[in-house]
Number of protein chains: 2
Amino acid sequence: MTAKARRGPYVCGIDAAMDVVSGKWKSLILWELDNHGVRRFGELRRGLPGVSEKMLIQQLREMEQDGLINRQVYGEVPPKVEYSLTPDGRSLNAALAPLGDWGTARAARLTADGTLHTH
Amino acid sequence: MTAKARRGPYVCGIDAAMDVVSGKWKSLILWELDNHGVRRFGELRRGLPGVSEKMLIQQLREMEQDGLINRQVYGEVPPKVEYSLTPDGRSLNAALAPLGDWGTARAARLTADGTLHTH
DNA sequence: TGCACTACTTACCTTTCAGTAAGCATGGGA
DNA sequence: TCCCATGCTTACTGAAAGGTAAGTAGTGCA
């Protein structure tokens, strides 16, 4: 097996969720897809500044395996592939919302304190 | 600087929250401290089966730096140190709850499908 | 003829994360 | 005198995550 052997026995729910959402770009992919509904590979790449093609595909593949996203291939040339969220992906994104709010509030706190190094 | 140079500019709130909660044991530490209120180092270690002393301290120190936990040292011999959550730590734990529920539901789904390898 | 477009794939390297094992300081009890 | 307990610290090692750069296929267009 080349893919990660994950889905091990989990200590708790957070564990199980983290297994699926950890990875530098996954939450952003979730967000992009939830916002736009459907996105092509190139659109996603342009929507996530700094991601490399290798990383983007890697994360998309894992998310597909984990049942978070759908991958629709059109047999055209040049190739066309569309990605969208599954119901699981959408509910995960919803479950991440409070965490996002917490993070936003924290970032605001840090900026106010001058603790954040913005450059 | 020996500590991680984190708190970089964040793309979104999830990013900021993940920066602080990623790490193999942090969510479990949060959970333990929320459950018990106050715990000594040894109690935490015994409460997190499989954690090494090195990892536990590393994560506790980072969480302290991030303002999630309080560290109370008693100048005794043998040493005695007590850890507890700050208000930020408690609110983070609350924000993690929906994610935990999602993960629990997912784990249940996987087990029902027979997709999960339990041994 | 050759270049562009798209969605990948591959090889290689660096950085980060995590685990093991050992050592340290101090005082009390056997 | 030696060992035990506690809460660390340090050095070394391996594994995993992530980054860079280049290559691939097939068609259309200049």
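Lettering of chains follows the sequences in order, A, B, ..., and the numbering in each one begins at 1.
- No continuous path of hydrophobic side-chain contacts links A:Trp31 to B:Tyr10 [ILVMFWY only; heavy atoms under 4.5 Å].
- Following chains of ILVMFWY side-chain contacts shorter than 4.5 Å, one can reach B:Ile57 starting from B:Val73, so the two form part of one hydrophobic cluster.
- Of all the heavy atoms in B:Leu28 and A:Cys12, the pair that sits closest is CD2-SG, 3.9 Å.
- Put simply, B:Gln59 has a side-chain N or O that comes within less than 4.0 Å of OP1 or OP2 on C:dA18.
- Heavy-atom nearest nucleotides on DNA chain D were determined for A:Gly23 and for B:Val73, and the one closer to the 5' end corresponds to B:Val73.
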Checklist entry - In the 5'-to-3' direction, what one-character label does each nucleotide of nucleotides 20-30 of chain D receive under the scheme B = base within less than 4.0 Å of a protein heavy atom, S = sugar-phosphate only, - = no such atom? => result B-----BS---
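- B:Leu44 has its CG atom 10 Å from the P atom of D:dG7, to the nearest Å.
- For the pair B:Glu82 CD and D:dG7 P, the computed distance is 10 Å after rounding to whole Å.
- Between A:Arg39 and C:dA7 there is no side-chain polar atom (N or O) within less than 4.0 angstrom of OP1 or OP2.
- For the residue pair B:Arg71 and B:Tyr83, a side-chain donor N or O sits within less than 3.5 Å of a side-chain acceptor on the partner.
- Considering only side-chain N and O atoms, A:Arg61 lies under 4.0 angstrom from the phosphate OP1 or OP2 of C:dT9.
- B:Tyr74 places its OH atom 18 Å from the C1' atom of D:dC8, with the value rounded to the nearest Å.
- Whole-Å rounding puts the A:Leu56 CG to D:dA17 P distance at 17 Å.
- Within the 4.0 Å cut-off from OP1 or OP2 of D:dC8, not a single side-chain nitrogen or oxygen of B:Arg45 is found.
- Nucleotide C:dT9 holds its C1' atom 12 Å from the CD atom of A:Gln58, rounded to whole Å.
- Of all heavy-atom pairs between A:Ala95 and A:Pro98, the closest is O-CD, 3.3 Å.
- When the side-chain nitrogen and oxygen atoms of B:Trp25 are compared with OP1 and OP2 of C:dC17, none of them lie within a distance under 4.0 Å.
- Every side chain to side chain contact (heavy atoms under 4.5 Å, CB included) that B:Glu82 has, sequence neighbours left out, goes to B:Val38, B:Arg40, B:Gln72, B:Tyr74, B:Lys80.
- For C:dA7, the OP1/OP2 oxygens have a side-chain nitrogen or oxygen of A:Arg40 closer than 4.0 Å.
- What separates CD of A:Glu43 from C1' of C:dA7 is a distance of 13 Å, to the nearest Å.
- Nearest heavy-atom pair across B:Arg109 and A:Asp88 is NH1-OD2, 2.5 Å.
- Put simply, CD1 on A:Ile57 is 15 Å from C1' on D:dG19, counting in whole angstrom units.
- For the pair B:Glu64 CD and D:dG7 P, the interatomic distance rounds to 15 Å; values are reported in whole Å.
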